[in-house]
Trainee: 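First the structure, then my questions, so here it is.
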Amino acid sequence: MDVLTVKNLSVSFFRPEGEIEALKNVSFSLREGEILAVMGETGCGKSVLCKSILKLLPDIAQIKTGHIDIRGEEITGYSEKQMRKLRGHFFSMVFQNPMTALNPCMSVGEQIAEAVRLRQPCLTGRERRRRTAELMELVGLNPPGERAKQYPFQLSGGMAQRCVIAIALAAEPTVLFADEATTALDVTVQAQILELFLELRKRMGMSIVLVTHNPGVAARIADRVALMRDGALFRIGDVEEILEEIIHNRNLT
Amino acid sequence: MWRKFLRRSYIIGILHNAVKFALSVFALSVLVFAISRLAPGDPLYAYYGERVEKMSAAQQEEAMERLGLREPISAQYARWLQGAVHGDFGISYQYKRDVKEVIAARIGNTLLLGGLGFLLIFALALLLGLFCAWREDRAADRLICKIGTVTSCIPEFWLSLLLILVFAVWLDWLPSSGAYSVGEEGNVADRAAHLILPLAVVVLGHLWYYAFQVRNRLLEEVRADYVLLARMKGLSGRQVLYRHCLRGALPSYLSMMSVALPHILGGTYVVEAVFSYPGIGTLAYESARYQDYNLLMVVSLLTGALVIFCNMLARTVSGRIDPRMRMRFTGGGGEVGGL
Amino acid sequence: MKKKVPVLSLLVLTGIVISCLACGLIMTKDPLYMDLAHCNEAPGKEFLFGTDTMGRDIFSMIWYGGRISLTIGFLATLLSTALAVLVGSVSGCAPARMDGILMRLTELILSVPGLLLTVFLQAVFGGANVYSLSVVIGLTGWMSMAKVVRTEVLQLNHTDYVLAAKCLGGGFFHVLFRHLAPNFFPSVLFMAVMNVRNAIVAESTLSFLGLGLPVEVVSWGSMLSLSENALLTRAWWIILVPGLFLTATLLCLTNLGNYMRGSANKRHSNLGCRE
């Protein structure tokens, strides 16, 4: 069963200087519980792809053609209000740079608790705190009680990224977008986070779209790989198959 | 143990601030005293103004002696300071009364007008800035920006004149001068009616400048990455603005408003003078006109001291609400009483 | 995405400045002549903007007096900018202790409202004329600009790109003109334009209050000092006309200053309020 289908998606940025085509006719589908790695050079449209599905692009960007379906329901024409109900419930996203993605003026605990509250508005204060601590333990922010009081600038890059992931997981999403989630991190931390993704998929059964330009990361956890260049998705297939091709023919990416 | 440390650091902070305040006011008094003795020519002129010309030579000599003007300026200052510490700021030559009394009789009116004006500007600038940031670059925002720029360019005294012309002369709705009608000193409604026009000028004259700063500060925040994360949680644009961006903009807004204080106070003084509102501002202009330097000096000193005090207060408060500042001073642990 | 050039403001401002400079060609009457037979006359064919309480022709006074207002604005700004650049660069280059003292002093003076300080100085200096008023206003208007200059000068030694330029062998003047001036200039130019604006406001306010130029010396401020009388006689033109010119000039200056401050924000909002 496909949880997310994207068909012929084209997105353009309308700047005063003219139109810039950021996505050209992108099509793919994502199966339930699958990890799809999207690979390509910097600036090839990987981030725009994630953000245009979540409709988090600035006002100057517009979807020109194409359809986005979730579980067979078309959401291309959804209003901001309708999208808001999907964000933080069905979709969730881990952003590229954890140091700027967190609000510098809010404690980590508050930011995670806010996400919990938006997902489960009926929880009491105590239940919410417990759920927040649970999430923090899950991503390895220990001990949660002390970490919760800290502010983003007091954390290392790896710890901050764990916070961002905790926020993303608070949504208990069906589809998680991880936009270069491990690029800014040390190799050891990277490995820990990837393990965490695998574990979460097993436990929560969610699908993950993993944006990366590191073939090693893709090889480690992805089921399938999609390759992008210049805003177009030109190849999609099983991870072994594609990585094999890459090794034999470097100019593919 | 922890609590004890916290409390002690708090007290040290307060003491530290008190010393700093005293030093600043002392330096300011030296400056102001030096300026008031700058008067070219006869120092007696600085005391009596044109009245000097009517005095005989013997009278002038006697006055010089009595006022201690024969002493060097440092000795004069020391004597003035000694008096000032004991609450004696000398005599106002225009009112023939203690400077302290003259000021005490009027400071309440100024604090009422200036304080209300400051609070209104503080609140309205925030609201207006939020609204404009929310509707960035759309019709409402553009219109408000245009109108705001124009109002912020109108000199306060001329705006006062315009309002008097329209509301007091043509429409005859509101009184044009004073703080209350004759014999109605205790009547709250009458006082309020007298306050409307001056207050309107104080607020209109400054509002946009600060609202625009709030708007621009928020527009910077709105472009930060954390906004996307907050929206990804499921917050609406407006909620992100109120709950996240505002928090980032607030500390710098507070410190901006503390810098704003002398401007708003200075504006209040001009407005007071136009409306003949019995406050410190009118006093300052009258004493300037009648060469009552002693009074003018004390008014300047008092205003400066008030501004310095409020700046320190604001810095302490903004240091407390901005986690980045708060942590920086203590290396990430407890809190400190202030800067 | 560059800011739009404020064409209208530029045109109006040049118009006002040129008309004031060439006031001899425009004036229809002698601006100083008190025509006692035509006091408080409303705007009409003979007196385009009416006459004031003393029977002078307001239309002629506007151009004639504008020259003085603009001169004071210009002179005062010259002085305050020179002081600001001096204090700012000395403070920025000096050792930390000296820098600290200078900045505390600047902040100390800044704590007294500018207009009050101007009034104080002017009162102590005694009788005002165009030059003494310019000096007094200039002396009280340098502080905020000095702070800006200091910040920019400090960058000379501390910014990475300046360091990079130095490492690449860029000489002092190369670094100054190619790397610092582009950052430095807009903000200083903006402050200078704002200083002109503040000086004009200060002149008119002081003259209006009777503490600046006397009524006989025609400036936009001293023209307005007759307004108390005008309020009684409901002679609105005496108040309206000079004030409108004053405000128009200030508005043009503000628009110009904002344009000079630099280009608009390039990034786009993440808020996405379209609902």
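In the text below, chain A, chain B and the rest are named by the order of the sequence lines, each starting its count at 1.
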Trainee: Among the options B:H263, B:M297, B:E156, pick out the one with the most heavy-atom pairs lying under 4.5 Å from chain C.
Mentor: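 The answer is B:M297.
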Trainee: Of the backbone (N, CA, C, O) and the side chain (C-beta and beyond), which part of C:L251 lies under 4.5 Å from a heavy atom of chain B, both, or neither?
Mentor: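 For C:L251, heavy atoms of backbone and side chain both lie under 4.5 Å from chain B.
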Trainee: Report the option among C:V112, C:T249, C:L108, C:L115 that has the most heavy-atom pairs separated by less than 4.5 Å from atoms of chain B.
Mentor: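 Of the options given, most contacts go to C:L108.
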Trainee: Among B:V222, B:I154, B:L261, which has the most heavy-atom pairs under 4.5 Å with chain C?
Mentor: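 With the most close heavy-atom pairs to chain C, the winner is B:V222.
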Trainee: Is B:Y242 atom OH crowded by more than 12 heavy atoms from other residues, nucleotides or ligands, each under 6.0 Å away?
Mentor: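 Correct, the count exceeds 12.
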Trainee: Nearest 0.5 Å please: distance from the OG atom of C:S111 over to the CG atom of B:N311.
Mentor: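 The distance works out to 7.5 Å.
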Trainee: Quick check on B:A224 against chain C: is it the side chain, the backbone, both or neither that has a heavy atom closer than 4.5 Å?
Mentor: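 Interface part for B:A224: backbone (N, CA, C, O).
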Trainee: Can you measure from CG (B:L162) to CH2 (C:W236) and round to the nearest 0.5 angstrom?
Mentor: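 One finds 12.0 Å between CG of B:L162 and CH2 of C:W236.
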Trainee: From C:L121 CG over to B:L296 CG, what is the distance, rounded to the nearest 0.5 angstrom?
Mentor: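 The CG atom of B:L296 is 9.5 Å from CG of C:L121, to the nearest 0.5 Å.
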Trainee: Checking heavy atoms, do the side chain of C:L209, its backbone, both or neither come under 4.5 Å from chain B?
Mentor: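 Contact with chain B is through both the backbone and side chain of C:L209.
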Trainee: For C:S204, is it the side chain, the backbone, both or neither that has a heavy atom under 4.5 Å from a heavy atom of chain B?
Mentor: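 C:S204 touches chain B through backbone and side-chain heavy atoms alike.
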Trainee: Looking only at non-hydrogen atoms, find the nearest pair between B:G266 and C:P113 and report the distance.
Mentor: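 Result for this residue pair: CA-CB, 3.5 Å.
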Trainee: In terms of heavy-atom contacts, does CZ of C:F74 have more than 12 from other residues, nucleotides or ligands at under 6.0 Å?
Mentor: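 No, CZ of C:F74 has 12 or fewer neighbouring heavy atoms, counting only those of other groups under 6.0 Å.
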Trainee: Do you know which of C:L117, C:L224, C:L105 has the most heavy-atom pairs under 4.5 Å to chain B?
Mentor: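 Top count of heavy-atom pairs under 4.5 Å with chain B: C:L224.
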Trainee: Does any backbone or side-chain atom of C:L244 lie under 4.5 Å from a heavy atom of chain B? Answer side chain, backbone, both or neither.
Mentor: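 Both backbone and side chain.
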Trainee: Could you check which of B:V227, B:T303, B:V169 has the highest count of heavy-atom pairs closer than 4.5 Å to chain C?
Mentor: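 Highest number of pairs under 4.5 Å: B:V169.
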Trainee: Does C:I239 offer a backbone N or O that forms a donor-acceptor pair with the side chain of B:W158 under 3.5 Å?
Mentor: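 Pair found, side chain donor or acceptor close to backbone of C:I239.
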Trainee: Enter the distance from B:L165:CG to C:L240:CG here, rounded to the nearest 0.5 Å.
Mentor: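 Answer for the CG-CG pair, B:L165 versus C:L240, is 7.5 Å.
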Trainee: What part of B:Y285 lies closer than 4.5 angstrom to a heavy atom of chain C: side chain, backbone, both or neither?
Mentor: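 For B:Y285, the contact with chain C is made by backbone and side chain together.
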Trainee: Is the closest side-chain heavy-atom distance between B:V274 and C:F208 below 4.5 Å?
Mentor: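 Yes. Closest side-chain heavy atoms under 4.5 Å.
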Trainee: Check each atom of C:R197 against the heavy atoms of chain B and say whether the ones under 4.5 Å are side chain, backbone, both or neither.
Mentor: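 Contact with chain B: side chain only.
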Trainee: Using 0.5 Å steps for rounding, measure from the CD1 atom of B:I164 to the CD atom of C:E228.
Mentor: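 Answer for the CD1-CD pair, B:I164 versus C:E228, is 8.5 Å.
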Trainee: Quick one, C:F120 and B:V32 - any side-chain contact, counting heavy atoms below 4.5 Å?
Mentor: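 They are in side-chain contact.
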Trainee: Any side-chain heavy atom of C:V201 within less than 4.5 Å of one from B:F157?
Mentor: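 No, their side chains stay 4.5 Å or more apart.
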Trainee: Counting heavy-atom pairs under 4.5 Å to chain B, which of C:L110, C:L116, C:I109 comes out on top?
Mentor: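 Counting heavy-atom pairs under 4.5 Å, the top option is C:L116.
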Trainee: Measure B:L31 against the heavy atoms of chain C and call it side chain, backbone, both or neither at under 4.5 Å.
Mentor: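 Only the side chain of B:L31 comes within 4.5 Å of chain C.
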